[in-house]
Amino acid sequence: MDLFYRSTRGNGEAVTASQAILQGLAQDGGLFVPERIPALDKSLDALAQMSYQETAYEVMKLFLTDFTEEELKACINKAYDSKFDTKEIAPLAAVDGAYYLELFHGATIAFKDMALSILPHLLTTSAKKNHVANDIVILTATSGDTGKAALAGFADVKGTKIIVFYPKNGVSPIQEKQMVTQKGGNTFVVGITGNFDDAQTGVKQLFGDKALAQEMDAAGFQFSSANSINIGRLVPQVVYYVYAYAQLLKRGEIAQGEQMNFVVPTGNFGNILAAYFAKNMGVPIAKLICASNENKVLYDFFETGVYDRNREFVLTSSPSMDILISSNLERLIYLTAGRDADKNAAFMKALQQQGKYEITADMKAQMADFYGNYASEQETADTIKAVYEKTGYVMDTHTAVAAAVYHKYKAAADDGAKTVIVSTASPFKFTRSVMNAVDAKYDAMGDFELVDELSRLAGVSVPNAIEEIRTAPVLHDTVCGKEEMKAVVKRFLGI
Ligand SMILES: *Cc1c(COP(=O)(O)O)cnc(C)c1O
(Lines give C-alpha, C1' and ligand atoms only; values in the text may rest on other atoms or scores of the structure.)
Protein backbone atom coordinates (compact mmCIF):
# COMPACT_ATOMS: atom_id res chain seq x y z
CA MET A 1 0.00 0.00 0.00
CA ASP A 2 1.34 3.43 -0.89
CA LEU A 3 2.17 5.81 1.93
CA PHE A 4 1.61 9.51 1.29
CA TYR A 5 2.86 12.57 3.14
CA ARG A 6 0.98 15.65 4.30
CA SER A 7 2.08 19.04 5.60
CA THR A 8 1.78 19.77 9.33
CA ARG A 9 0.32 23.21 8.52
CA GLY A 10 -2.14 22.78 5.71
CA ASN A 11 -4.66 20.35 4.39
CA GLY A 12 -3.08 20.51 0.97
CA GLU A 13 -2.41 17.67 -1.40
CA ALA A 14 -0.83 14.49 -0.19
CA VAL A 15 2.54 13.94 -1.88
CA THR A 16 4.63 10.82 -2.47
CA ALA A 17 7.79 10.17 -0.47
CA SER A 18 10.02 11.14 -3.40
CA GLN A 19 8.12 14.42 -3.85
CA ALA A 20 8.44 15.17 -0.14
CA ILE A 21 12.19 14.53 -0.31
CA LEU A 22 12.58 16.79 -3.34
CA GLN A 23 10.56 19.62 -1.75
CA GLY A 24 12.09 19.42 1.72
CA LEU A 25 9.67 21.86 3.32
CA ALA A 26 6.00 21.96 2.29
CA GLN A 27 4.84 25.04 0.38
CA ASP A 28 2.80 26.28 3.36
CA GLY A 29 5.94 26.23 5.52
CA GLY A 30 4.94 22.99 7.27
CA LEU A 31 6.85 19.74 7.60
CA PHE A 32 5.89 16.55 5.79
CA VAL A 33 4.50 13.73 7.95
CA PRO A 34 3.52 10.26 6.71
CA GLU A 35 -0.24 9.67 6.77
CA ARG A 36 0.36 6.78 9.16
CA ILE A 37 3.40 5.29 10.85
CA PRO A 38 3.83 1.86 9.27
CA ALA A 39 4.27 -1.27 11.41
CA LEU A 40 7.37 -3.43 10.92
CA ASP A 41 6.48 -6.37 8.72
CA LYS A 42 9.38 -8.56 9.89
CA SER A 43 9.73 -9.93 13.42
CA LEU A 44 12.50 -8.56 15.61
CA ASP A 45 13.93 -12.09 15.68
CA ALA A 46 14.21 -12.02 11.91
CA LEU A 47 15.70 -8.51 12.01
CA ALA A 48 18.28 -9.70 14.56
CA GLN A 49 19.85 -11.83 11.83
CA MET A 50 20.22 -8.91 9.42
CA SER A 51 23.09 -6.57 8.60
CA TYR A 52 22.71 -2.81 8.99
CA GLN A 53 22.07 -2.46 5.26
CA GLU A 54 19.42 -5.19 5.27
CA THR A 55 17.72 -3.62 8.28
CA ALA A 56 17.80 -0.24 6.54
CA TYR A 57 15.94 -1.74 3.60
CA GLU A 58 13.29 -3.37 5.81
CA VAL A 59 12.60 -0.09 7.63
CA MET A 60 12.92 2.41 4.78
CA LYS A 61 10.83 0.43 2.28
CA LEU A 62 7.83 0.94 4.59
CA PHE A 63 8.19 4.74 4.44
CA LEU A 64 9.48 5.28 0.91
CA THR A 65 6.83 3.22 -0.84
CA ASP A 66 7.28 4.82 -4.27
CA PHE A 67 10.91 3.68 -4.46
CA THR A 68 11.47 0.31 -6.13
CA GLU A 69 13.43 -2.35 -4.27
CA GLU A 70 16.30 -1.87 -6.69
CA GLU A 71 16.35 1.91 -6.26
CA LEU A 72 16.25 1.79 -2.48
CA LYS A 73 18.89 -0.92 -2.18
CA ALA A 74 21.17 1.02 -4.52
CA CYS A 75 20.83 4.12 -2.30
CA ILE A 76 21.53 2.10 0.85
CA ASN A 77 24.56 0.36 -0.59
CA LYS A 78 26.10 3.61 -1.81
CA ALA A 79 25.59 5.23 1.60
CA TYR A 80 26.58 2.60 4.14
CA ASP A 81 29.86 1.37 2.69
CA SER A 82 33.55 1.79 3.48
CA LYS A 83 32.99 5.47 4.32
CA PHE A 84 32.16 3.97 7.71
CA ASP A 85 35.12 2.63 9.67
CA THR A 86 33.22 -0.40 11.00
CA LYS A 87 31.18 -3.05 9.21
CA GLU A 88 28.49 -2.79 11.89
CA ILE A 89 27.93 0.87 10.85
CA ALA A 90 26.31 1.63 14.25
CA PRO A 91 28.06 -0.48 16.91
CA LEU A 92 26.91 -0.81 20.53
CA ALA A 93 29.45 -0.53 23.35
CA ALA A 94 28.49 -1.93 26.76
CA VAL A 95 29.86 0.50 29.35
CA ASP A 96 29.06 0.91 33.04
CA GLY A 97 25.66 -0.80 32.97
CA ALA A 98 24.34 0.89 29.82
CA TYR A 99 24.84 0.55 26.06
CA TYR A 100 26.29 3.33 23.94
CA LEU A 101 24.95 3.31 20.38
CA GLU A 102 27.88 4.84 18.49
CA LEU A 103 26.56 6.82 15.54
CA PHE A 104 29.90 8.45 14.78
CA HIS A 105 31.70 5.96 12.57
CA GLY A 106 30.98 7.78 9.30
CA ALA A 107 32.94 10.28 7.20
CA THR A 108 32.69 13.25 9.57
CA ILE A 109 32.57 11.32 12.88
CA ALA A 110 29.18 12.67 14.00
CA PHE A 111 25.66 11.29 13.79
CA LYS A 112 24.65 13.61 10.94
CA ASP A 113 26.51 11.16 8.67
CA MET A 114 23.86 8.50 9.32
CA ALA A 115 21.34 10.47 7.27
CA LEU A 116 23.54 12.73 5.13
CA SER A 117 25.39 9.82 3.57
CA ILE A 118 22.14 8.53 2.07
CA LEU A 119 20.22 11.77 1.44
CA PRO A 120 22.11 12.66 -1.79
CA HIS A 121 21.17 9.29 -3.28
CA LEU A 122 17.56 9.56 -2.14
CA LEU A 123 17.44 13.05 -3.68
CA THR A 124 18.92 12.14 -7.06
CA THR A 125 16.67 9.06 -7.24
CA SER A 126 13.66 11.25 -6.34
CA ALA A 127 14.63 13.71 -9.08
CA LYS A 128 14.75 10.91 -11.66
CA LYS A 129 11.42 9.45 -10.52
CA ASN A 130 9.75 12.84 -10.89
CA HIS A 131 11.38 13.59 -14.25
CA VAL A 132 13.40 16.48 -12.90
CA ALA A 133 16.18 16.94 -15.44
CA ASN A 134 17.97 19.77 -13.63
CA ASP A 135 21.02 19.21 -11.48
CA ILE A 136 20.20 19.64 -7.80
CA VAL A 137 22.12 22.44 -6.08
CA ILE A 138 22.26 22.06 -2.33
CA LEU A 139 22.56 25.37 -0.54
CA THR A 140 23.38 25.38 3.17
CA ALA A 141 24.35 27.81 5.90
CA THR A 142 26.23 26.07 8.68
CA SER A 143 27.56 26.82 12.10
CA GLY A 144 29.85 23.80 11.85
CA ASP A 145 28.79 20.15 11.84
CA THR A 146 26.01 19.96 9.29
CA GLY A 147 27.99 21.74 6.60
CA LYS A 148 30.83 19.25 6.69
CA ALA A 149 28.53 16.22 6.86
CA ALA A 150 26.53 17.53 3.89
CA LEU A 151 29.73 18.24 1.92
CA ALA A 152 31.02 14.73 2.59
CA GLY A 153 27.66 13.22 1.62
CA PHE A 154 27.24 15.14 -1.64
CA ALA A 155 30.89 15.24 -2.80
CA ASP A 156 31.14 13.76 -6.30
CA VAL A 157 27.51 12.57 -6.34
CA LYS A 158 26.48 12.88 -10.00
CA GLY A 159 23.65 15.31 -10.73
CA THR A 160 24.34 17.42 -7.63
CA LYS A 161 26.36 20.42 -6.54
CA ILE A 162 26.73 21.71 -3.01
CA ILE A 163 27.44 25.22 -1.77
CA VAL A 164 28.12 25.78 1.93
CA PHE A 165 28.31 29.21 3.58
CA TYR A 166 29.85 29.47 7.04
CA PRO A 167 30.63 32.44 9.31
CA LYS A 168 34.33 33.10 8.66
CA ASN A 169 35.12 33.75 12.32
CA GLY A 170 32.29 31.75 13.84
CA VAL A 171 33.39 28.10 13.65
CA SER A 172 36.17 26.22 15.44
CA PRO A 173 39.59 25.94 13.71
CA ILE A 174 39.11 22.18 13.26
CA GLN A 175 35.62 22.66 11.84
CA GLU A 176 36.90 25.27 9.37
CA LYS A 177 39.82 23.06 8.35
CA GLN A 178 37.42 20.15 7.80
CA MET A 179 35.33 22.24 5.43
CA VAL A 180 37.97 24.13 3.46
CA THR A 181 39.87 20.92 2.69
CA GLN A 182 36.77 19.25 1.22
CA LYS A 183 37.47 17.40 -2.03
CA GLY A 184 35.02 16.92 -4.89
CA GLY A 185 34.57 18.95 -8.09
CA ASN A 186 30.95 19.69 -7.20
CA THR A 187 31.69 21.23 -3.78
CA PHE A 188 32.03 24.93 -2.95
CA VAL A 189 32.76 26.33 0.51
CA VAL A 190 32.54 30.05 1.23
CA GLY A 191 33.33 32.04 4.37
CA ILE A 192 31.01 34.97 5.14
CA THR A 193 32.28 38.11 6.83
CA GLY A 194 29.39 38.02 9.29
CA ASN A 195 27.83 35.69 11.81
CA PHE A 196 25.76 32.52 11.38
CA ASP A 197 22.51 34.49 11.23
CA ASP A 198 23.87 36.54 8.30
CA ALA A 199 24.75 33.34 6.45
CA GLN A 200 21.35 31.81 7.26
CA THR A 201 19.42 34.93 6.22
CA GLY A 202 21.41 35.17 2.99
CA VAL A 203 20.67 31.55 2.14
CA LYS A 204 16.95 32.03 2.81
CA GLN A 205 16.93 35.04 0.47
CA LEU A 206 18.60 33.02 -2.27
CA PHE A 207 16.03 30.24 -1.85
CA GLY A 208 13.22 32.81 -2.25
CA ASP A 209 14.79 34.66 -5.21
CA LYS A 210 12.43 33.99 -8.15
CA ALA A 211 14.65 35.68 -10.76
CA LEU A 212 17.62 33.57 -9.69
CA ALA A 213 15.47 30.41 -9.81
CA GLN A 214 14.54 31.22 -13.43
CA GLU A 215 18.12 31.86 -14.47
CA MET A 216 19.17 28.63 -12.83
CA ASP A 217 16.39 26.64 -14.44
CA ALA A 218 17.41 27.95 -17.86
CA ALA A 219 20.94 26.71 -17.15
CA GLY A 220 19.74 23.33 -15.87
CA PHE A 221 19.92 23.84 -12.09
CA GLN A 222 17.52 24.00 -9.17
CA PHE A 223 18.03 24.52 -5.46
CA SER A 224 17.25 21.99 -2.79
CA SER A 225 17.98 21.82 0.92
CA ALA A 226 19.68 19.20 3.07
CA ASN A 227 17.98 20.58 6.17
CA SER A 228 17.17 18.24 9.04
CA ILE A 229 13.44 18.69 8.50
CA ASN A 230 13.67 16.77 5.19
CA ILE A 231 11.86 13.45 5.48
CA GLY A 232 14.88 12.01 3.63
CA ARG A 233 16.90 12.68 6.77
CA LEU A 234 14.30 11.53 9.30
CA VAL A 235 13.53 8.12 7.78
CA PRO A 236 17.15 6.83 7.67
CA GLN A 237 17.44 7.73 11.37
CA VAL A 238 14.65 5.33 12.32
CA VAL A 239 16.83 2.45 11.11
CA TYR A 240 19.41 2.46 13.91
CA TYR A 241 16.79 2.25 16.66
CA VAL A 242 15.41 -0.93 15.10
CA TYR A 243 18.94 -2.21 14.51
CA ALA A 244 20.08 -1.48 18.09
CA TYR A 245 17.15 -3.34 19.60
CA ALA A 246 17.60 -6.29 17.24
CA GLN A 247 21.34 -6.49 17.94
CA LEU A 248 20.78 -6.58 21.71
CA LEU A 249 18.22 -9.33 21.17
CA LYS A 250 20.73 -11.25 19.07
CA ARG A 251 23.41 -10.92 21.75
CA GLY A 252 21.00 -12.19 24.40
CA GLU A 253 21.26 -8.93 26.34
CA ILE A 254 17.47 -8.56 26.27
CA ALA A 255 14.62 -11.04 26.01
CA GLN A 256 12.00 -11.03 23.28
CA GLY A 257 9.50 -8.26 23.88
CA GLU A 258 11.52 -6.72 26.74
CA GLN A 259 11.01 -2.96 26.96
CA MET A 260 14.08 -0.73 26.72
CA ASN A 261 14.79 2.95 27.19
CA PHE A 262 16.69 5.22 24.80
CA VAL A 263 18.39 8.44 25.91
CA VAL A 264 18.93 10.93 23.07
CA PRO A 265 21.04 14.10 23.27
CA THR A 266 18.67 16.52 21.60
CA GLY A 267 18.82 19.79 19.68
CA ASN A 268 16.48 20.04 16.71
CA PHE A 269 14.44 17.02 17.90
CA GLY A 270 15.09 14.99 14.73
CA ASN A 271 16.99 12.12 16.27
CA ILE A 272 14.58 11.49 19.13
CA LEU A 273 11.58 11.84 16.82
CA ALA A 274 13.06 8.97 14.79
CA ALA A 275 13.09 6.92 18.03
CA TYR A 276 9.41 7.79 18.52
CA PHE A 277 8.68 6.53 15.01
CA ALA A 278 10.59 3.29 15.77
CA LYS A 279 8.49 2.79 18.91
CA ASN A 280 5.32 3.34 16.91
CA MET A 281 6.50 0.81 14.31
CA GLY A 282 6.56 -1.83 17.03
CA VAL A 283 10.02 -1.72 18.66
CA PRO A 284 9.50 -2.36 22.43
CA ILE A 285 10.68 1.00 23.70
CA ALA A 286 9.45 2.21 27.10
CA LYS A 287 10.78 5.73 27.63
CA LEU A 288 12.21 8.18 25.14
CA ILE A 289 14.53 10.21 27.33
CA CYS A 290 15.15 13.66 25.87
CA ALA A 291 18.46 15.11 27.10
CA SER A 292 19.18 18.83 26.79
CA ASN A 293 22.16 20.97 27.72
CA GLU A 294 21.73 24.34 29.46
CA ASN A 295 19.51 25.45 26.57
CA LYS A 296 16.77 23.45 28.27
CA VAL A 297 13.67 24.59 26.34
CA LEU A 298 12.60 20.99 25.81
CA TYR A 299 13.01 20.02 29.45
CA ASP A 300 10.77 22.93 30.45
CA PHE A 301 8.33 21.96 27.71
CA PHE A 302 7.95 18.36 28.88
CA GLU A 303 7.61 19.57 32.49
CA THR A 304 5.02 22.29 31.90
CA GLY A 305 3.49 21.91 28.44
CA VAL A 306 4.73 25.41 27.61
CA TYR A 307 7.27 25.84 24.81
CA ASP A 308 9.01 29.14 25.45
CA ARG A 309 11.98 30.31 23.43
CA ASN A 310 12.12 33.69 25.19
CA ARG A 311 15.32 33.15 27.12
CA GLU A 312 19.00 33.70 26.89
CA PHE A 313 20.88 31.58 24.38
CA VAL A 314 23.73 29.77 26.13
CA LEU A 315 26.92 28.76 24.33
CA THR A 316 27.87 25.34 25.69
CA SER A 317 30.48 22.65 25.12
CA SER A 318 27.83 20.68 23.19
CA PRO A 319 27.26 23.27 20.43
CA SER A 320 25.20 21.01 18.15
CA MET A 321 22.49 21.12 20.84
CA ASP A 322 22.60 24.90 21.34
CA ILE A 323 19.15 25.46 19.87
CA LEU A 324 16.11 27.38 21.07
CA ILE A 325 13.71 26.35 18.31
CA SER A 326 13.61 22.59 17.84
CA SER A 327 12.10 22.42 14.34
CA ASN A 328 11.23 18.74 14.34
CA LEU A 329 9.09 19.08 17.48
CA GLU A 330 6.43 20.45 15.12
CA ARG A 331 5.83 16.91 13.87
CA LEU A 332 5.11 15.66 17.41
CA ILE A 333 2.82 18.65 18.03
CA TYR A 334 0.90 17.87 14.85
CA LEU A 335 0.59 14.15 15.69
CA THR A 336 -0.53 14.70 19.29
CA ALA A 337 -3.00 17.37 18.13
CA GLY A 338 -4.75 14.52 16.31
CA ARG A 339 -3.13 15.43 12.97
CA ASP A 340 -5.00 18.72 13.10
CA ALA A 341 -3.05 21.05 10.81
CA ASP A 342 -5.00 24.16 11.81
CA LYS A 343 -4.34 23.59 15.47
CA ASN A 344 -0.65 22.98 14.81
CA ALA A 345 -0.40 26.05 12.56
CA ALA A 346 -1.86 28.18 15.37
CA PHE A 347 0.82 26.96 17.79
CA MET A 348 3.56 27.68 15.24
CA LYS A 349 2.16 31.16 14.63
CA ALA A 350 2.22 31.84 18.36
CA LEU A 351 5.80 30.61 18.48
CA GLN A 352 6.74 33.00 15.70
CA GLN A 353 4.86 35.97 17.13
CA GLN A 354 5.12 35.57 20.90
CA GLY A 355 8.01 33.11 21.03
CA LYS A 356 5.86 30.61 22.92
CA TYR A 357 2.79 28.40 23.02
CA GLU A 358 1.08 26.07 25.46
CA ILE A 359 -0.24 22.66 24.44
CA THR A 360 -3.46 21.17 25.81
CA ALA A 361 -3.63 18.70 28.70
CA ASP A 362 -4.76 16.03 26.26
CA MET A 363 -1.70 16.57 24.06
CA LYS A 364 0.57 16.53 27.07
CA ALA A 365 -0.94 13.22 28.19
CA GLN A 366 -0.11 11.77 24.78
CA MET A 367 3.54 12.65 25.34
CA ALA A 368 3.83 10.44 28.43
CA ASP A 369 6.39 8.28 26.57
CA PHE A 370 8.82 11.17 26.77
CA TYR A 371 10.89 12.12 29.79
CA GLY A 372 12.91 15.34 29.61
CA ASN A 373 15.86 16.47 31.69
CA TYR A 374 19.06 18.43 31.22
CA ALA A 375 22.70 18.56 32.25
CA SER A 376 24.66 21.65 33.27
CA GLU A 377 28.14 22.28 31.86
CA GLN A 378 29.66 21.05 35.12
CA GLU A 379 27.55 17.87 35.16
CA THR A 380 28.52 17.18 31.56
CA ALA A 381 32.24 17.51 32.26
CA ASP A 382 31.95 15.49 35.49
CA THR A 383 30.26 12.66 33.60
CA ILE A 384 33.05 12.46 31.01
CA LYS A 385 35.64 12.31 33.77
CA ALA A 386 33.77 9.83 35.99
CA VAL A 387 33.04 7.34 33.22
CA TYR A 388 36.59 7.60 31.91
CA GLU A 389 38.09 7.02 35.35
CA LYS A 390 35.79 4.11 36.10
CA THR A 391 35.88 2.31 32.74
CA GLY A 392 38.45 3.88 30.40
CA TYR A 393 35.66 4.79 27.92
CA VAL A 394 35.90 8.36 26.65
CA MET A 395 32.74 10.00 25.32
CA ASP A 396 32.13 13.33 23.63
CA THR A 397 30.32 16.27 25.24
CA HIS A 398 26.94 15.67 23.52
CA THR A 399 26.91 12.03 24.57
CA ALA A 400 27.91 13.10 28.07
CA VAL A 401 24.80 15.29 28.33
CA ALA A 402 22.77 12.14 27.61
CA ALA A 403 24.77 10.04 30.06
CA ALA A 404 24.28 12.63 32.82
CA VAL A 405 20.54 12.72 32.14
CA TYR A 406 20.45 8.91 32.17
CA HIS A 407 21.74 8.98 35.77
CA LYS A 408 19.12 11.57 36.71
CA TYR A 409 16.38 9.43 35.19
CA LYS A 410 17.58 6.33 37.01
CA ALA A 411 17.63 8.17 40.31
CA ALA A 412 14.11 9.55 39.74
CA ALA A 413 12.36 6.50 38.30
CA ASP A 414 14.23 3.26 38.64
CA ASP A 415 12.16 1.17 36.23
CA GLY A 416 14.90 -1.43 35.83
CA ALA A 417 14.73 -1.14 32.03
CA LYS A 418 17.95 -1.63 30.11
CA THR A 419 19.05 1.57 28.48
CA VAL A 420 20.73 2.65 25.27
CA ILE A 421 22.51 6.01 25.32
CA VAL A 422 22.68 7.44 21.84
CA SER A 423 26.23 8.57 21.18
CA THR A 424 26.17 11.32 18.58
CA ALA A 425 29.80 12.36 18.13
CA SER A 426 33.28 10.98 18.43
CA PRO A 427 35.29 12.49 21.31
CA PHE A 428 37.87 13.41 18.65
CA LYS A 429 35.43 15.95 17.24
CA PHE A 430 35.33 17.91 20.49
CA THR A 431 38.79 17.02 21.74
CA ARG A 432 39.52 20.15 23.74
CA SER A 433 36.32 20.11 25.81
CA VAL A 434 36.65 16.38 26.37
CA MET A 435 40.29 16.54 27.46
CA ASN A 436 39.67 19.54 29.70
CA ALA A 437 36.90 17.57 31.40
CA VAL A 438 39.35 14.75 32.13
CA ASP A 439 42.02 17.13 33.44
CA ALA A 440 42.36 20.93 33.25
CA LYS A 441 46.11 20.57 32.62
CA TYR A 442 45.42 19.61 28.98
CA ASP A 443 44.28 23.12 28.15
CA ALA A 444 47.88 24.14 27.52
CA MET A 445 48.27 21.72 24.60
CA GLY A 446 47.82 22.44 20.88
CA ASP A 447 44.87 20.98 18.94
CA PHE A 448 46.66 18.08 17.28
CA GLU A 449 48.81 17.35 20.32
CA LEU A 450 45.53 16.91 22.19
CA VAL A 451 44.27 14.53 19.54
CA ASP A 452 47.28 12.27 20.05
CA GLU A 453 46.92 12.47 23.81
CA LEU A 454 43.24 11.48 23.58
CA SER A 455 44.16 8.55 21.36
CA ARG A 456 46.65 7.36 23.97
CA LEU A 457 44.27 7.90 26.87
CA ALA A 458 41.26 6.16 25.28
CA GLY A 459 43.27 3.46 23.56
CA VAL A 460 41.48 4.31 20.31
CA SER A 461 43.32 5.17 17.11
CA VAL A 462 42.85 8.64 15.63
CA PRO A 463 39.89 8.54 13.18
CA ASN A 464 40.62 9.09 9.52
CA ALA A 465 38.48 12.22 9.46
CA ILE A 466 40.95 13.89 11.85
CA GLU A 467 44.12 12.27 10.50
CA GLU A 468 43.29 13.61 7.01
CA ILE A 469 43.01 17.25 7.95
CA ARG A 470 46.42 17.41 9.62
CA THR A 471 48.07 17.63 6.24
CA ALA A 472 45.24 18.17 3.75
CA PRO A 473 45.65 21.17 1.45
CA VAL A 474 43.18 24.05 1.60
CA LEU A 475 40.98 23.79 -1.52
CA HIS A 476 38.46 26.54 -0.75
CA ASP A 477 39.50 30.07 0.11
CA THR A 478 36.58 32.20 -1.07
CA VAL A 479 35.46 34.80 1.46
CA CYS A 480 32.65 37.25 0.73
CA GLY A 481 30.37 39.80 2.34
CA LYS A 482 26.75 38.84 2.91
CA GLU A 483 25.60 41.08 0.04
CA GLU A 484 27.85 39.20 -2.38
CA MET A 485 26.37 35.73 -1.81
CA LYS A 486 24.21 35.75 -4.93
CA ALA A 487 27.10 36.78 -7.18
CA VAL A 488 29.27 34.06 -5.67
CA VAL A 489 26.61 31.40 -6.29
CA LYS A 490 26.20 32.52 -9.90
CA ARG A 491 29.93 32.47 -10.48
CA PHE A 492 30.21 28.93 -9.13
CA LEU A 493 27.36 27.73 -11.35
CA GLY A 494 28.80 29.60 -14.35
CA ILE A 495 25.60 31.57 -15.03
C1 LIG B 1 22.84 17.49 15.46
C2 LIG B 1 23.44 16.89 16.69
C3 LIG B 1 22.66 16.62 17.83
C4 LIG B 1 21.20 16.98 17.93
O5 LIG B 1 20.37 16.15 17.12
P6 LIG B 1 18.91 16.64 16.74
O7 LIG B 1 18.42 15.62 15.77
O8 LIG B 1 19.06 17.99 16.14
O9 LIG B 1 18.12 16.65 18.00
C10 LIG B 1 23.28 16.03 18.92
N11 LIG B 1 24.60 15.75 18.92
C12 LIG B 1 25.37 15.99 17.84
C13 LIG B 1 26.83 15.69 17.90
C14 LIG B 1 24.82 16.56 16.68
O15 LIG B 1 25.61 16.82 15.62
Side-chain angles (χ1 to χ4, degrees), residues 31 90 100-117 119 140-153 171-172 174-175 178-179 196 226-241 262-278 288-299 301-302 307 316-332 370 372 374-375 380 383-384 395-405 421-431 433-434 463 465:
L31 278 58
Y100 287 78
L101 176 62
E102 297 184 349
L103 302 181
F104 56 75
H105 289 273
T108 75
I109 59 174
F111 111 94
K112 302 287 191 294
D113 292 328
M114 301 304 295
L116 280 167
S117 50
L119 181 68
T140 307
T142 186
S143 53
D145 279 352
T146 306
K148 178 60 190 182
L151 283 163
V171 300
S172 80
I174 291 203
Q175 284 177 320
Q178 277 191 309
M179 288 192 280
F196 172 66
N227 198 302
S228 87
I229 48 83
N230 194 310
I231 202 80
R233 280 185 63 179
L234 185 62
V235 169
Q237 292 177 178
V238 180
V239 174
Y240 45 76
Y241 290 101
F262 280 88
V263 193
V264 187
T266 298
N268 225 352
F269 209 74
N271 201 358
I272 195 166
L273 188 73
Y276 179 75
F277 275 35
L288 301 158
I289 301 173
C290 176
S292 300
N293 63 25
E294 288 179 5
N295 294 292
K296 58 183 184 58
V297 189
L298 287 165
Y299 163 68
F301 171 69
F302 285 119
Y307 193 96
T316 72
S317 58
S318 45
S320 303
M321 297 158 65
D322 290 345
I323 283 176
L324 292 181
I325 296 188
S326 300
S327 320
N328 269 293
L329 184 67
E330 178 169 346
R331 289 191 166 109
L332 183 67
F370 288 89
Y374 72 101
T380 304
T383 302
I384 293 173
M395 70 183 85
D396 102 288
T397 45
H398 302 74
T399 309
V401 168
V405 165
I421 295 169
V422 176
S423 180
T424 50
S426 158
F428 286 94
K429 188 137 197 179
F430 299 94
T431 317
S433 301
V434 168

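Keep in mind the model is a prediction, meaning the values are calculated, not measured. For ligands, and for the atoms within them, numbers begin at 1 and follow the listed sequence.
- When non-hydrogen atoms are compared, ligand 1 lies under 4.0 Å from neither the backbone nor the side chain of K429.
- Each of T108, T424, T397, D396 was checked for a side-chain contact (heavy atoms from CB on, under 4.5 Å) with K429, and the lone residue meeting it is T108.
- Those atoms of ligand 1 that come under 4.0 Å of a heavy atom in T266, given as number and element, are 9 (O).
- V401 is not listed as a side-chain neighbour of S292, based on a closest heavy-atom distance of 4.5 Å or more.
- Under the 3.5 Å distance criterion, the side-chain polar atoms of N268 are left unmatched by any main-chain donor or acceptor of I323.
- In this structure, I421 and T399 have side chains that are in contact, with non-hydrogen atoms separated by less than 4.5 Å.
- Residue contacts with ligand 1 for P265 involve N, CA, C or O but no side-chain atom from C-beta outward (heavy atoms, distance under 4.0 Å).
- Protein heavy atom at the shortest distance from atom 9 (O) of ligand 1 is G267 N, 2.8 Å.
- Between F370 and Y276, the gap from one ring centroid to the other is short of 6.0 Å.
- Checked against a 3.5 angstrom limit, the closest N/O atoms of F269 and ligand 1 fall inside it.
- H398 places a side-chain heavy atom less than 4.5 Å from the side chain of F430.
- Note: Y374 and Y299 have tilted aromatic rings, judged against thresholds of 30 and 60 degrees for the angle between ring planes.
- The single protein non-hydrogen atom nearest to atom 12 (C) of ligand 1 is T424 OG1, 3.4 Å, given as residue, atom name and distance.
- In this structure, T146 contributes its side chain and T142 its backbone to no donor-acceptor pair below 3.5 Å.
- Among protein heavy atoms, atom 5 (O) of ligand 1 sits closest to F111 CE2, 3.5 Å.
- Among protein heavy atoms, the minimum distance from atom 7 (O) of ligand 1 is reached at N271 N, 2.9 Å.
- Checked against a 3.5 angstrom limit, the closest N/O atoms of N268 and ligand 1 fall inside it.
- Shown in contact with G270 at under 4.0 Å from a heavy atom are these atoms of ligand 1, numbered in order with element: 6 (P), 7 (O), 9 (O).
- Each of the atoms 13 (C) of ligand 1 lies under 4.0 Å from some heavy atom of A425.
- The protein non-hydrogen atom at the shortest distance from atom 2 (C) of ligand 1 is K112 NZ, 2.5 Å.
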